[in-house]
Amino acid sequence: MAIQEARFRCTGTPDFTVLKNQMAMLRGVTAMAIDPDSAGVTVNWEDTQVTPLRIELTLNAIGYQKV
């Protein structure tokens with residue numbers, strides 16, 4: 001069991017409500033910090049609950065790319 005972390009940045013106009021809803025639906029996400037000034041987000045998750053690929057694909061689908 002380990003907590004993983006990754007940073008993402010919105011490539012378009014950020015919709016933080018959609019972002020929050022999508023992350024809330026992923027089992028294993030333990031924390032999320034939104035930086036509205038840079039349209040970025042840092043996501044923490046438990047690696048036995050969700051894979052990094054699942055996190056990335058979910059965020060990619062709503063306009064976020066890993067930085």
Side-chain heavy-atom pair [X], [Y] within 4.5 angstrom cut-off:
X: Gln4; Y: Val43; value: no
X: Val29; Y: Gln49; value: no
X: Asp47; Y: Ile3; value: no
X: Gln65; Y: Arg9; value: no
X: Met32; Y: Val41; value: yes

Approximate separation, where rounding is to 0.5 Å, of Tyr64 OH and Arg7 CZ: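 The CZ atom of Arg7 is 15.5 Å from OH of Tyr64, to the nearest 0.5 Å.
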Distance, nearest 0.5 Å, that separates OG1 of Thr42 from CD1 of Ile34: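 These two atoms lie 10.0 Å from each other.
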Compare every heavy atom of [Y] with every heavy atom of [X], then report the nearest pair and how far apart it is.
X: Ala39; Y: Phe16; result: CA-CZ, 4.4 Å
X: Leu19; Y: Ile62; result: CA-CD1, 3.8 Å
X: Thr30; Y: Glu46; result: CG2-N, 4.1 Å
X: Trp45; Y: Val50; result: CD1-O, 3.4 Å

Pair Gln22-Leu59, side-chain contact (heavy atoms from CB on, under 4.5 Å): steps then yes or no: CA-CA 8 Å; Gln22 289 296 312; Leu59 285 163; over 6 Å; no
N/O donor-acceptor pair under 3.5 Å between Thr11 side chain and Gly63 backbone: yes
side-chain contact (heavy atoms from CB on, under 4.5 Å) evaluation trace for Phe8 with Ile55: CA-CA 10 Å; Phe8 296 83; Ile55 298 287; 4.1 Å; yes
